[in-house]
Amino acid sequence: MPANPPFDAQSSAKPRVRFAPSPTGYLHVGGARTALFNWLFARHFDGTLVLRIEDTDLQRSTAEMVEGILRGLQWLGIHWDEGPYYQTKRMDLYRAAAQKLLEFGAAYYCFCGKEELEKRRAAATAEGRPPRYEGTCRGISREEALRRKNAGEPAALRFAIPEGGSTSFDDAVFQKVEFANSELEDFVLLRSDGNPTYHLSVVADDIDLRITHIIRGADHISNTPKQVLLYKALGAPLPVFAHVPLILGPDKTRLSKRHGATSVMAYREEGIVPEAFRNFLALLGWTPPEGSPEILNDTELIRLFGLDAISRSNAVFDRGKLDWFNTEYIRAYSAERLLPLIEEEWKRAGINPGPHDRGWLLSTIDLLKPRARSLKDFAGSFRAFFADNFEADPAAVEKFLKDANVRHLLIELAQRYAALPEFTEQETERVLREFAVEKNVKAGALINGARVALTGQGVAPSLFAVMCSLGKDRTVVRMKNVEQLMGAVSTAT
RNA sequence: GGCGCUAUCGUCUAGGGGUUAGGACGGAAGAUUCUCAAUCUUCAAACCCGGGUUCGAUUCCCGGUAGCGCUACCA
């Protein structure tokens, strides 16, 4: 039984959680997963998700990154209820907290210069000692410190870690975690320019925003005892901490650009549908109850989600599994829902599907979607359905069209189709099969060759469905032009 | 280096003192013959190592190893 019991849904208080990205970069996969877990938790308990932008690193934070992060969250369908709050606009809160800490005797001014500290750290490391701040300025009397400070001497404010003992907390994922206080250093609360550092601003904000559960990456575990000490020094009740394992690349090192796309938006560009990405992310480090399927919509995700089922070990980002989720979602989506997403792909690929009516577009998408792995396919390997300028896959040509006789027969067959009054699946198939018998060739050879002639691909839906989708005119023209495909191949290879 | 966390198929994971160690992705084979990236069927694939506790450890404990994290006047 953990000392911090899991949040009690029966209690009147609804949980308040937050996602607090730092706008020094785009929304990356790890951040998105953290945001997702917070959102799922808030929705599950009918609580509140607060968005807070941690932009106290003035040098590296930009408005563009904030914009990108918000867009990423929106794309994923993660909606926050409060905020965004900007830390740079809440400086008074942090300074007041710092002042309080100073008055309580939990903080003191430090006059050590940056270079001086670096030198000492380097020396300590060289001598094999832990490079911790030794509390040099801790002994300076309060009056003396105030005098020097008021005289204009630059000073940072440091937190005074209690001597001896240990600090522990009960993590909803990792259970009890304990650190000896001797391992913690007197960290900086206020820089000498008066701006707060991370620890101070997070804790002051989380107290002020009445955050009940802090769900964040496991890389913050080591920071937590310092923050626990801050809560105590400030006399505030502790929230429940829940640290979620990190996401790794295939080589089991922390996911980074080396492994490919780490930006959430890059996956949109790759033709991933947001629900698929969200579903995939949810299952990275969290497992639904036994017997649950893995394809889970937002309602199911929210209903099933719980902190207790979060894993304690890091998870490798498996691109292949993401693609599987994507195919499942594309297949399950209605053509109506797919169409606007596909139109974006066409725009990007410079495809204008022409004068087709909406009904044709929808039925063609339905025909194609069981074989789609990405939205990109609708502008890529399915291009021939929506544009007349397409390139043939050389491997498909090689496999099904290298026989000149097949090509000649296809051209001849095109004449028959041209004369066919009723261009339906049944009729086109009947004509082709009779033609095959007449010419004493296997129908399959004609079918496969025709598929390549019509779509440029060796893989496509049933040929006669393809013909009907394309219509008589385009079918006839493409079959007649089959030799041109050969030319394209020989020049391409 | 110090401190912390973690360790089940290639990957995500279930399980838990006695199990044929379960599922999903991926892989392999077969079926379908109108292609396959579709569909169906089948198969291969794991408890990090060493001690201890126990009648019995993959499961509990300790140690080792490995991986990851933190170790800033970054967040």
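All chains are named by letter (A, B, ...) in the order of the sequence lines, taking the proteins before the strands, and each is independently numbered beginning at 1.
- Applying the Watson-Crick and G-U wobble criteria (two distances, each under 3.5 Å), B/C73 pairs with nothing in any strand.
- Following rounding to the nearest Å, A/Ile247 (CD1) and B/U6 (P) show an atom-to-atom distance of 19 Å.
- Taking only distance into account, the side chain of A/Arg371 meets the base of B/C36 through a donor-acceptor pair shorter than 3.5 Å.
- Counting non-hydrogen atoms under 4.0 angstrom, A/Ser22 reaches the backbone sugars and phosphates but no base.
- For A/Tyr333 and A/Phe378, the ring centers are positioned 6.0 Å apart or more.
- Among the nucleotides B/C68, B/A75, B/C73, the one closest to the side chain of A/Ala156 is B/C73.
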Where do N or O atoms of nucleotides 11-14 of chain B meet protein N or O atoms at under 3.5 Å, pair by pair?
from, atom 1, to, atom 2, distance (Å)
B/U11, OP1, A/Lys252, NZ, 2.9
B/C12, OP1, A/Val316, N, 3.0
B/C12, O2', A/Leu283, O, 3.0
B/U13, OP1, A/Gly285, N, 3.1
B/U13, O3', A/Thr287, OG1, 3.0
B/A14, O2', A/Glu290, OE1, 3.1
B/A14, O2', A/Glu290, OE2, 3.1

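- The structure places OG of A/Ser22 at 8.0 Å from CG of A/Asp55, a figure rounded to the nearest 0.5 Å.
- With distances taken from any side-chain atom of A/Lys399 to the nucleotides B/C36, B/C68, B/A72, the minimum falls on B/C36.
- Considering only the side chain of A/Val459, B/C36 comes nearest among B/C34, B/C36, B/A75.
- Looking at heavy-atom distances under 4.0 Å, A/Pro21 makes no contact with the nucleic acid at all.
- Contact annotation for A/Thr253: backbone-only contact, meaning every heavy-atom pair under 4.0 Å involves sugar-phosphate atoms and none involves a base.
- Across all strands, A/Asn223 comes closer than 4.0 Å to base atoms (heavy-atom distances).
- A heavy atom closer than 4.0 Å to some atom of RNA chain B occurs in A/Trp324, A/Arg331, these being the qualifying members of residues 322-335 of chain A.
- Between the P atom of B/C36 and the CZ atom of A/Phe400 lies a distance of 6 Å, rounded to the nearest Å.
- For the C1' atom pair drawn from B/U13 and B/U6, the interatomic distance equals 15 Å after rounding to whole Å.
- A/Arg158 comes within 4.0 angstrom of sugar-phosphate atoms only, judged by non-hydrogen atoms across all strands, and of no base.
- The CG-C1' distance, from A/Leu184 to B/G2, rounds to 13 Å in whole Å.
- Nucleic acid contact for A/Cys112: base, since at least one base atom lies under 4.0 Å from a heavy atom of the residue.
- In this structure, A/Tyr133 atom OH and B/G2 atom P are separated by 25 Å, rounded to whole Å.
- Note on A/Leu246: only backbone sugar-phosphate atoms sit closer than 4.0 angstrom, heavy atoms only; bases stay farther off.
- Between A/Tyr231 and A/Phe241, the ring planes lie perpendicular to each other; the angle is over 60°, past the 30° to 60° tilted range.
- Between A/Arg373 and B/G26 there is a side-chain N or O to OP1 or OP2 distance below 4.0 Å.
- B/U65: Watson-Crick or G-U partner is B/A7, with both key distances under 3.5 Å.
- Within the 4.0 angstrom heavy-atom criterion, no nucleotide atom of any strand lies near A/His243.
- Nucleic acid contact class of A/Gln59 (heavy atoms, under 4.0 Å, all strands): none.
- Between B/A66 and B/C49, the distance separating the two C1' atoms is 10 Å to the nearest Å.
- A cation-pi arrangement is not found for A/Arg416 relative to A/Phe435, the charged atom failing to lie both closer than 6.0 Å to the ring centre and inside a 45° cone about the ring normal.
- Atom C1' of nucleotide B/C5 and atom CZ of A/Arg254 are separated by 14 Å, given to the nearest angstrom.
- Within 4.0 Å of A/Leu189, counting heavy atoms only, lies no atom of the nucleic acid at all.
- Within the nucleic acid shown, A/Arg132 has no heavy atom closer than 4.0 Å to any nucleic acid atom.
- Taking CE of A/Met467 as the reference point, atom CD of A/Glu429 lies at 10.0 Å (rounded to 0.5 Å).
- For the pair A/Arg148 and A/Tyr109, the cation does not sit on the ring face, since its NZ or CZ is not both under 6.0 Å from the ring centre and inside 45° of the axis.
- Atom-to-atom, NE2 of A/His199 to P of B/C73 comes out at 10 Å; the value is rounded to the nearest Å.
- Using N1 to N3 plus N6-O4 or O6-N4 for Watson-Crick, or N1-O2 and O6-N3 for G-U wobble, each under 3.5 Å, B/A31 pairs with B/U39.
- Under a 4.0 Å N-O distance rule, the pair A/Arg18/A/Asp205 does not qualify as a salt bridge.
- In this structure, the nucleotide among B/A75, B/C34, B/G69 sitting nearest to the side chain of A/Thr197 is B/A75.
- Straight-line distance between the C1' atoms of B/U41 and B/U32: roughly 11 Å, to the nearest whole Å.
- Remark: A/Lys100 NZ is loosely packed, at most 12 non-hydrogen atoms of other residues, nucleotides or ligands lying under 6.0 Å away.
- Remark: the separation of the C1' atoms in B/G15 and B/U20 is 15 Å, to the nearest Å.
- On the C1' atoms, B/A44 is 14 Å away from B/G30, given to the nearest whole Å.
- Distance CZ (A/Phe382) to C1' (B/C36): 11 Å, rounded to an integer number of Å.
- Using a 4.0 Å heavy-atom distance criterion, A/Ser201 is classed as making no nucleic acid contact.
- B/C47 makes up no base pair with any nucleotide shown, lacking Watson-Crick or G-U wobble contacts both under 3.5 Å.
- Here A/Gly458 lies in heavy-atom contact (under 4.0 Å) with a base.
- Screening residues 171-195 of chain A for ring-ring contact (aromatic ring centres under 6.0 Å, His included), with sequence neighbours left out, gives A/Phe159-A/Phe187, A/Phe187-A/His199.
- The residue A/Glu118 sits apart from the nucleic acid: no heavy atom pair falls under 4.0 Å.
- Note on A/Thr125: every side-chain N or O is 4.0 Å or more away from OP1 and OP2 of B/G1.
- Counting atom types as modelled, A/Ser462 pairs a side-chain N or O with a base atom of B/C34 as donor and acceptor under 3.5 Å.
- Base-pair partner of B/C55: B/G18 (Watson-Crick or G-U wobble, both distances under 3.5 Å).
- For the C1' atoms, the distance linking B/C55 with B/C62 amounts to 22 Å, nearest Å.
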Quiz item: Hey, mind stepping through A/Asp206 and A/Arg52 against salt bridge (Lys or Arg N to Asp or Glu O under 4.0 Å) and telling me if it holds?
Solution: CA-CA 10 Å; A/Asp206 286 336; A/Arg52 184 175 70 223; 2.8 Å; yes

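- Following rounding to the nearest Å, A/Asn181 (CG) and B/C70 (P) show an atom-to-atom distance of 21 Å.
- For A/Phe37 and A/Phe305, the gap between ring centers is short of 6.0 Å.
- A salt bridge is defined here as a Lys NZ or Arg NE, NH1 or NH2 lying under 4.0 Å from an Asp or Glu carboxylate O, and A/Glu391 with A/Arg383 fails to meet this definition.
- With hydrogens and angles left out, the side chain of A/Arg312 and the base of B/U6 share no donor-acceptor pair within 3.5 Å.
- Heavy-atom contacts from other residues, nucleotides or ligands closer than 6.0 Å to CD of A/Glu438 number more than 12.
- Here the OG1-CZ distance, from A/Thr56 to A/Arg90, works out to 12.5 Å after rounding to the nearest 0.5 Å.
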